[in-house]
2 protein chains.
Amino acid sequence: MTESAQTASRQEQKGRTRQAILAAALELAQTQGFAQISLRQVARHAGIVPTAFYRHFDSMDELGLALVEQSFSTLRRMIREAQRDPKVFDNIIDAAADVLVEAVKQSKAHFAFVARERVGGSEAVRRAIQHELDLFVSELAVVLARLPNIETWSSDDVQMVSRLFVRNMVSNAEEVVEMPDHRPDLEERIKDGARRQMRLIVIGFRDWKS
Amino acid sequence: MTESAQTASRQEQKGRTRQAILAAALELAQTQGFAQISLRQVARHAGIVPTAFYRHFDSMDELGLALVEQSFSTLRRMIREAQRDPKVFDNIIDAAADVLVEAVKQSKAHFAFVARERVGGSEAVRRAIQHELDLFVSELAVVLARLPNIETWSSDDVQMVSRLFVRNMVSNAEEVVEMPDHRPDLEERIKDGARRQMRLIVIGFRDWKS
DNA sequence: ACTTTGAGTGTACGCACGTTCACTCAAGTT
DNA sequence: AACTTGAGTGAACGTGCGTACACTCAAAGT
């Protein structure tokens, strides 16, 4: 990449190339899975020479970790925005199902990456994703604990419900990822399934405690 | 492998080598994931020369499919045996949790393979696993439908509960797989979690239908 | 006793890979 | 205007890969 845009402060350009690498890796990972793509493929797709890759990441593993970070920061932003919506208090379940499907649709590639590499990736990437998911369970527990009905539960119980929610989120995200594009019927089905499952968890939990 | 055992009818020997290849692939897949191991690695580990591999499988993909088949036939055998145990009728939930943990512990490698390649594998392997899991949902639905309490439910409802059970089974299998060896405390925790989750599903479902 | 069959061997090939190294040349600094 | 910095280049290396091909040599078939 001798040139790339006329707007080019040095660090701007570096950031742009970095993003190009991330985007290239994410796209390639879609079809073959991140674990099986090569440094040279990524470089080629990003329009740089293999050795230039090292100016941005020490190894493919570090690229993977950067993608994990990017994926979860996207997710966190969406959750934070959704929390501002007052309907969350009325009906957390429907809101969560909507957010889930919307979020996954909007950044399918990131979710696909996380879903795949969570179990299929390298040791380092797998650990990073598991750590982020654990964090996410705790964060969601905090949100849930503030909800009517739930605010009286013990924090252990809230934690477990949160874990079940996240587990279900992962499962449903996998389904949305595998879903062919432009099939609103399937999408509605998955949303509906997610809603039912979450309701199930809440109801089952409530009744079983009594 | 010029020789391997003195008992050697030709097809016996071929079968033995085939098993050696399958075992080698399964073991290697444990650490790195099946998708990233090479034909040559498998051959080396199985004690044959790379070209001999082709006498048994046309490609690594076909080897993967064979492993899928092997994994699920192991699982099916265990389920079939467990069904003969009368306690299944009294308490399908505890029985299922026991079977799950026992089965996964006993053939950890196969479960690890399935859990990983279900999302991380090649297109062909992924599809094969998904297909087997779909089959399994239907088979389990048949078993469930015969159970007291459940026998009055609609078949759609039974199918959905079955799907949730299987989804949970996959999640818990993943956990057992990641579990370090010789930690009966963790094992009991996972079993307990699985039991609670299944109870949750059943209770939630029953109460919500009413 | 002979021929046929086919699992396993050994060599050799072209290819993509990760990484090294010395380089260019524009942006940023003095 | 001269100097420094560092993102991107391009050639070269050693390695492991999948696969082709000609082979050996016992078991199985006649």
Side-chain angles (χ1 to χ4, degrees), chain A residues 1-25 27-29 31-67 121-125, chain B residues 1-25 27-29 31-67 121-125:
Chain A
M1 212 164 256
T2 316
E3 43 71 60
S4 169
Q6 48 278 70
T7 320
S9 94
R10 252 168 120 124
Q11 57 173 345
E12 270 175 349
Q13 183 49 43
K14 179 161 189 188
R16 222 173 280 128
T17 304
R18 191 188 143 96
Q19 288 308 313
I21 293 174
L22 287 164
E27 194 185 321
L28 289 171
T31 41
Q32 326 163 31
F34 181 79
Q36 19 260 336
I37 67 182
S38 68
L39 185 153
R40 284 176 108 106
Q41 276 179 72
V42 173
R44 222 176 293 133
H45 214 78
I48 57 171
V49 103
T51 43
F53 177 95
Y54 293 109
R55 298 283 179 201
H56 301 271
F57 303 97
D58 276 352
S59 64
M60 284 295 286
D61 246 13
E62 297 226 1
L63 210 206
L65 296 181
L67 277 174
S122 73
E123 176 77 16
V125 171
Chain B
M1 213 163 259
T2 315
E3 41 70 62
S4 168
Q6 48 277 69
T7 319
S9 96
R10 251 166 119 123
Q11 56 174 346
E12 272 174 349
Q13 183 49 43
K14 180 162 187 186
R16 221 173 282 127
T17 304
R18 191 189 142 96
Q19 287 309 314
I21 294 174
L22 287 165
E27 194 185 321
L28 289 171
T31 41
Q32 326 163 30
F34 181 80
Q36 18 259 338
I37 67 182
S38 68
L39 185 152
R40 285 176 108 106
Q41 277 180 71
V42 173
R44 222 177 293 133
H45 214 77
I48 56 171
V49 101
T51 45
F53 177 94
Y54 293 108
R55 299 283 178 201
H56 302 271
F57 302 98
D58 277 352
S59 62
M60 284 296 285
D61 248 12
E62 295 226 2
L63 173 57
L65 295 181
L67 277 174
S122 73
E123 175 78 15
V125 171

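Chain naming here is simple, since letters A, B, ... match the order of the sequence lines and numbering starts at 1 in each.
Between the CD atom of Q32(A) and the P atom of dA16(C) there is a distance of 14 Å, rounded to whole Å. Atom C1' of nucleotide dG18(D) and atom CG of L63(B) are separated by 15 Å, given to the nearest angstrom. The CZ-P distance, from F57(B) to dG8(C), rounds to 12 Å in whole Å. Separating the CZ atom of F53(B) from the P atom of dG8(C) is a distance of 12 Å, rounded to the nearest angstrom. Following rounding to the nearest Å, E12(A) (CD) and dA27(C) (P) show an atom-to-atom distance of 12 Å. Distance Q36(B) CD to dC17(D) P: 13 Å, rounded to the nearest Å. Going from atom CD1 of I48(A) over to atom P of dG10(D) covers 13 Å, rounded to whole Å.
Under the side-chain hydrogen bond (donor to acceptor under 3.5 Å, both in side chains) criterion, the residue pairs touching residues 56-65 of chain B are D61(B)-S122(B), with sequence neighbours excluded.
Applying the side chain to side chain donor-acceptor pair (under 3.5 Å) rule to Q36(A) yields no partners; only residues at least two apart in sequence or on another chain are considered. Remark: A52(B) pairs with I48(B), V49(B) by the side-chain contact (heavy atoms from CB on, under 4.5 Å) rule, at least two apart or across chains. S38(A) is linked by a side chain to side chain donor-acceptor pair (under 3.5 Å) to Q41(A), counting only residues two or more places apart in sequence or in another chain. Annotation: salt bridge (charged side-chain N to carboxylate O under 4.0 Å, His left out) contacts of E123(A) (sequence neighbours excluded): R126(A), R127(A).
As judged by a 4.0 angstrom heavy-atom cut-off over every strand, R18(B) is placed among residues making no nucleic acid contact.
M60(B) and F34(B) get closest at one heavy-atom pair: O-CZ, 3.3 Å. Here the closest heavy-atom approach between residue A124(A) and residue L65(A) is recorded as O-CD2, 3.8 Å.
For the atom pair CG of L22(B) and CD of E27(B), the computed distance is 13.0 Å after rounding to the nearest 0.5 Å.
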Could you run down the sub-3.5 Å N/O contacts of the protein with nucleotides 27-30 of chain D?
{"from": "dA27(D)", "atom 1": "N3", "to": "R10(B)", "atom 2": "NH1", "distance (Å)": "2.7"}
{"from": "dA28(D)", "atom 1": "OP1", "to": "R10(B)", "atom 2": "N", "distance (Å)": "3.0"}

Notebook entry, point to check: When you check every protein heavy atom under 4.0 Å of nucleotides 18-23 of chain C, what one-letter string (B, S, -) results, 5' to 3'?
Noted result: BBBB--
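A side-chain donor-acceptor contact under 3.5 Å links Q13(B) and R16(B).
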